[in-house]
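Only one structure is covered here, and it is reproduced in the block below.
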Amino acid sequence: MREIFAGLPWWVKWVAVPVIALVVFGGLIATVVGFVIGLLFKALVFVALVGGLIYVVRKFTGSASSRSDW
């Protein structure tokens, strides 16, 4: 493989080959990146919902315990 690239100009190695790779595998790369971003977003929503649930439960539990103290 190195022998093939040895005789080629620099722009073929550093511009043309990566562009061809992006064209060929661009859909796959976009799918993987989209999946990872979607997964991170869902994890963030999950953490926010669980945090909100814990906040609401503690608020109502705290107010219920203060009422029972009377």
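All values reported here derive from a predicted model rather than from experimental measurement.
In terms of hydrophobic clustering, with Ile, Leu, Val, Met, Phe, Trp and Tyr side chains grouped at heavy-atom distances under 4.5 Å, L40 and F46 are assigned to different clusters. One hydrophobic cluster, built from ILVMFWY side chains closer than 4.5 Å, holds both V33 and F25. A continuous path of hydrophobic side-chain contacts links I37 to I29 [ILVMFWY only; heavy atoms under 4.5 Å].
In this structure V56 satisfies the side-chain contact (heavy atoms from CB on, under 4.5 Å) test together with F60, sequence neighbours excluded. In this structure, the side-chain contact (heavy atoms from CB on, under 4.5 Å) partners of V24, at least two apart in sequence or on a different chain, are I20. Residues meeting the side-chain contact (heavy atoms from CB on, under 4.5 Å) test with I54, sequence neighbours left out: V50, R58. With sequence neighbours excluded, the residues that form a side-chain contact (heavy atoms from CB on, under 4.5 Å) with L8 are F5, V12.
Taking all atoms of both residues into account, the shortest heavy-atom contact from T31 to G27 is OG1-O, 2.8 Å.
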